[in-house]
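Below you'll find the structure, written out as structure tokens, and then a few comments.
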Amino acid sequence: MAELKLSESRDLTRIERIGAHSHIRGLGLDTSLEPRDVSEGMVGQTQARKAAGVILQMIKDGKIAGRAILLAGQPGTGKTAIAMGMAKSLGLETPFSMLSASEIFSLEMSKTEALMQAFRKSIGVRIKEETEVIEGEVVEIQIDRPAASGTASKTGKLTLKTTDMETVYDLGAKMIEALGKEKVQSGDVVAIDKASGKITKLGRSFSRSRDYDAMGPQTKFVQCPDGELQKRKEVVHCVTLHEIDVINSRTQGFLALFTGDTGEIRAEVREQIDTKVAEWREEGKAEIVPGVLFIDEVHMLDIECFSFLNRALENEMAPILVVATNRGITAIRGTNYKSPHGIPIDLLDRLLIITTQPYSTDEIRKILDIRSQEEDVEMSEDAKQLLTKIGHETSLRYAIHLITAAALNCQKRKGKVVEVQDITRVYNLFLDVRRSTQYLMEYQKEYMFNEASMVDGGEDDVDTMHD
């Protein structure tokens with residue numbers, strides 16, 4: 001019998017996709033908001049990370065709303081990485097939405113509506129409500145199936161217990177189906193919502209932990225509930241204002257949340273929702289969670305969008321706006337005027353500006369180490385040194401792109417570790433911007449619509465006309 005190699009077995013349920021920032025786990029700050037040298041996938045940019053950490057703390061404390069932060073720096077200096085680190089550090093409770101400025105122009109709605117929807121997606125509402133819940137450990141499930149199918153519905157009994165009491169409940173067909181869907185069995189601790197009949201599996205009871213020799217990693221053990229079986233519990237739902245808008249917009253209804261085709265939402269609907277949310281806040285039923293809206297390549301917005309942002313930031317329901325750009329002094333889109341970062345001066349005045357610096361050679365080396373680990377590529381010391389040199393002389397992004405290409409070249413020659421020869425081979429195969437520009441300048445006459453050939457062609461035409 002062939003020996004099973006456990007190292008080669010793969011978990012097929014997990015879709016492995018490695019993105020440009022999939023190695024980022026947070027901002028890499030300690031408890032006193034001091035940046036660690038290398039932490040949570042972040043390297044260098046200590047000043048920018050510290051500044052982002054201060055903003056993050058203010059967001060968590062709910063101290064600021066309607067503030068805007070600009071991340072400005074050269075291409076490939078980690079602006080998007082800092083924004084991703086902020087998103088990861090905030091956790092799932094705080095809404096964080098990302099969009100590229102050019103997306104605004106490609107949607108089938110007005111620019112201001114697209115920006116308004118992005119703003120509303122970034123504001124969360126935590127709604128509290130009290131419900132009757134039956135919570136206990138399942139002792140036994142008895143389901144009586146009729147002998148002839150279709151003549152009568154299934155009936156059954158469910159025995160639940162806490163540390164203090166035990167009760168038997170009669171089950172109808174819907175509850176039996178719900179228990180079957182959740183795969184509830186004796187020993188599970190469940191919570192049943194009395195109003196909706198929804199069953200939630202909380203885990204398995206500690207008293208049944210020795211029932212099986214091996215359990216899956218997703219199995220969670222919990223204590224058997226104490227006190228009464230029926231309890232009043234406060235349930236918290238977290239939704240965004242945009243989700244409430246869509247559900248209350250009669251033209252689409254809640255199904256638009258799944259299709260993504262929400263269309264334009266009328267201002268009257270939003271006003272009514274804002275009034276209702278304000279009432280809930282006064283009654284203590286709901287609280288607002290200001291989130292973060294990140295707009296990348298903000299210089300692509302035009303003067304109308306910037307004017308809208310100016311007004312939207314003054315609204316009390318505004319989220320924290322984080323924008324990023326890699327432009328210097330450039331024209332404001334939609335005008336002939338130039339401005340720093342392509343942003344009007346009045347909006348720039350509202351922004352807290354965080355700058356990012358180019359990475360040093362040591363930092364490039366550390367980033368390449370992290371990316372090699374993320375992409376599961378083993379590399380020799382000499383190869384890493386060469387790749388670091390390439391990253392320093394060309395660009396960090398180009399060096400990162402060569403990692404997987406070099407690993408594939410290594411596989412082709414049936415090697416285990418990426419060597420200098422693999423890096424050299426892919427470096428010669430794929431050009432960086434500088435070498436590509438040099439090549440274009442040498443052979444530009446061979447290309448169509450290049451300036452040099454157009455000038456030559458123009459001169460020939462002039463000579464012909466004189467003749």
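Scope of the values below: all heavy atoms of this structure, side chains included, with no hydrogens, waters or symmetry mates. Computed from a prediction, not measured in an experiment: that's the story for all the values here.
In terms of heavy-atom proximity, Ser89 sits nearest to Leu56 at CB-CD2, 3.3 Å. Of all the heavy atoms in Ser436 and Leu431, the pair that sits closest is CA-CD1, 4.0 Å. In terms of heavy atoms, Phe119 sits closest to Ala312 at CE2-CB, 3.8 Å. Pairing each heavy atom of Cys410 with each of Val417, the nearest pair is SG-O, 3.4 Å. In terms of heavy-atom proximity, Phe221 sits nearest to Ser205 at CD2-O, 3.7 Å. Closest of all the heavy-atom pairs between Pro340 and Leu348 is O-CD1, 3.6 Å.
Counting heavy atoms from C-beta outward, Asp302 and Ile104 have side chains that stay 4.5 Å or more apart. In this structure, Glu40 and Lys88 have side chains that are not in contact, with every pair of non-hydrogen atoms separated by 4.5 Å or more. At least one side-chain heavy atom of Leu313 sits under 4.5 Å from a side-chain heavy atom of Leu347. Ile370 has its side chain within reach of Val38: a pair of non-hydrogen atoms, C-beta onward, lies under 4.5 Å apart. Residues Leu386 and Asp382 are not in side-chain contact: their nearest non-hydrogen atoms beyond the backbone lie 4.5 Å or more apart. Contact check for Leu293 versus Leu115: no side-chain heavy atoms found under the 4.5 Å cut-off. Two residues are said to be in side-chain contact when any heavy atoms from C-beta on lie closer than 4.5 Å; Met116 and Phe308 meet this criterion. The shortest side-chain heavy-atom distance between Ile303 and Pro344 falls under the 4.5 Å cut-off.
With hydrogens and angles disregarded, no donor-acceptor distance shorter than 3.5 Å links the side chain of Arg371 to the backbone of His401. With hydrogens and angles ignored, the 3.5 Å screen pairs no side-chain donor or acceptor of Glu419 with any backbone N or O of Ser380. The closest donor-acceptor contact from the side chain of Glu363 to the backbone of Ser360 lies under 3.5 Å. Between the side chain of Lys79 and the backbone N or O of Gly73, at least one donor-acceptor pair lies under 3.5 Å. Not one N or O on the side chain of Arg397 forms a donor-acceptor pair closer than 3.5 Å with the backbone of Pro75. The main-chain N or O of Gln185 is found under 3.5 Å from a side-chain atom of Asp188 such that the two form a donor-acceptor pair. A donor-acceptor pair under 3.5 Å is formed between the side chain of Tyr398 and the backbone N or O of Phe430. A donor-acceptor pair under 3.5 Å links the side-chain atoms of Lys201 to the main chain of Lys183, judged by distance alone. Under a 3.5 Å cut-off, the side chain of Asp349 and the backbone N or O of Asp346 do not form any donor-acceptor pair. Remark: the backbone N or O of Ala331 is not paired with any side-chain donor or acceptor of Thr335 at under 3.5 angstrom.
In summary, of the residues considered (Glu113, Lys121, Arg120), a side chain to side chain donor-acceptor pair (under 3.5 Å) with Gln117 occurs for Glu113 alone. Tested against Asn409 for a side chain to side chain donor-acceptor pair (under 3.5 Å), the candidates Thr404, Asp422, Thr424 yield a single pass: Asp422. Of the residues listed (Val289, Ile288, Thr240), the one engaging Ile123 in a side-chain contact (heavy atoms from CB on, under 4.5 Å) is Ile288, and it is the only one.
Annotation: the span from Lys412 atom NZ to Lys414 atom NZ amounts to 10.5 Å, rounded to 0.5 Å. Expressed to the nearest 0.5 Å, how far CZ of Arg126 lies from OG1 of Thr94 amounts to 7.0 Å. Atom CG of Leu368 is separated from atom CG of Leu387 by 5.0 Å, given to the nearest 0.5 angstrom.
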(request) Go through the steps for Leu301 and Leu309 under the test side chain to side chain contact (heavy atoms under 4.5 Å, CB included), then give the verdict. (result) CA-CA 10 Å; Leu301 294 178; Leu309 288 179; 3.9 Å; yes
(request) Start with the C-alpha gap between Met379 and Ile403, add the side-chain angles, then the distance that decides, and say whether side chain to side chain contact (heavy atoms under 4.5 Å, CB included) holds. (result) CA-CA 9 Å; Met379 203 177 284; Ile403 294 172; 4.2 Å; yes
(message) Applying side chain to side chain contact (heavy atoms under 4.5 Å, CB included) to Tyr427 and Asp432, what does each step give before you reach the verdict?
(response) CA-CA 8 Å; Tyr427 179 74; Asp432 58 273; 4.1 Å; yes
(message) Would Glu268 and Gln272 count as a side-chain hydrogen bond (donor to acceptor under 3.5 Å, both in side chains) here? Give the steps.
(response) CA-CA 6 Å; Glu268 301 85 59; Gln272 287 169 3; over 6 Å; no
(request) Go through the steps to decide whether Thr80 and Asp296 satisfy the test side-chain hydrogen bond (donor to acceptor under 3.5 Å, both in side chains), and finish with yes or no. (result) CA-CA 8 Å; Thr80 310; Asp296 208 355; 3.3 Å; yes
(request) In sequence, state the C-alpha distance, the side-chain angles, and the governing distance for Thr394 and Arg435, and then conclude on side chain to side chain contact (heavy atoms under 4.5 Å, CB included). (result) CA-CA 9 Å; Thr394 58; Arg435 284 184 296 155; 5.9 Å; no
(request) Kindly determine whether Tyr447 and Tyr443 satisfy ring pair (Phe, Tyr, Trp, His ring centres under 6.0 Å), including the steps that lead there. (result) CA-CA 7 Å; Tyr447 284 84; Tyr443 296 99; 8.1 Å; no
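At most 12 heavy atoms of other shown residues, nucleotides or ligands fall within 6.0 angstrom of atom NZ in Lys285. In Leu429, the CG atom is crowded: over 12 heavy atoms of neighbouring residues, nucleotides or ligands sit closer than 6.0 Å. Around the CZ atom of Arg425, the shell of radius 6.0 Å holds no more than 12 heavy atoms that belong to other residues, nucleotides or ligands. The 12-atom threshold is exceeded at NZ of Lys128, counting heavy atoms of other residues, nucleotides or ligands nearer than 6.0 Å. Enclosure of atom CZ in Arg413 by more than 12 non-hydrogen atoms of other residues, nucleotides or ligands within 6.0 angstrom is indicated. Atom CD of Glu378 has 12 or fewer neighbouring heavy atoms from other residues, nucleotides or ligands inside a 6.0 Å radius. In Lys389, the NZ atom is not crowded: 12 or fewer heavy atoms of neighbouring residues, nucleotides or ligands sit closer than 6.0 Å.
Judged by distance alone, the side chains of Ser100 and Glu297 never bring a donor and an acceptor atom under 3.5 Å apart.
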Which donor-acceptor pairs under 3.5 Å do side chains of residues 44-52 form with protein atoms, sequence neighbours excluded?
| from | atom 1 | to | atom 2 | distance (Å) |
| --- | --- | --- | --- | --- |
| Gln45 | OE1 | Gln357 | N | 3.0 |
| Gln45 | NE2 | Thr77 | O | 2.9 |
| Gln45 | NE2 | Gln357 | O | 2.5 |
| Arg49 | NE | Leu27 | O | 2.9 |
| Arg49 | NH1 | Arg36 | O | 3.4 |
| Arg49 | NH1 | Gly44 | O | 2.6 |
| Arg49 | NH2 | Gly28 | O | 3.0 |
| Arg49 | NH2 | Arg36 | O | 2.6 |
| Lys50 | NZ | Glu34 | OE2 | 2.9 |

Mind listing the side-chain donor-acceptor pairs of residues 317-326 below 3.5 Å, one per line with the distance, residues two or more places apart or on another chain?
| from | atom 1 | to | atom 2 | distance (Å) |
| --- | --- | --- | --- | --- |
| Thr325 | OG1 | His299 | ND1 | 2.7 |
| Thr325 | OG1 | Arg327 | N | 3.2 |

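Classification of Glu279 and Lys276 as a salt-bridged pair holds, one side-chain N sitting under 4.0 Å from a carboxylate O. With respect to Asp274 and Arg281, no salt bridge is recorded, no charged nitrogen being found less than 4.0 Å from a carboxylate O. Comment: Asp362 does not engage Lys366 in a salt bridge, judged by the lack of any side-chain N to carboxylate O separation of less than 4.0 angstrom.
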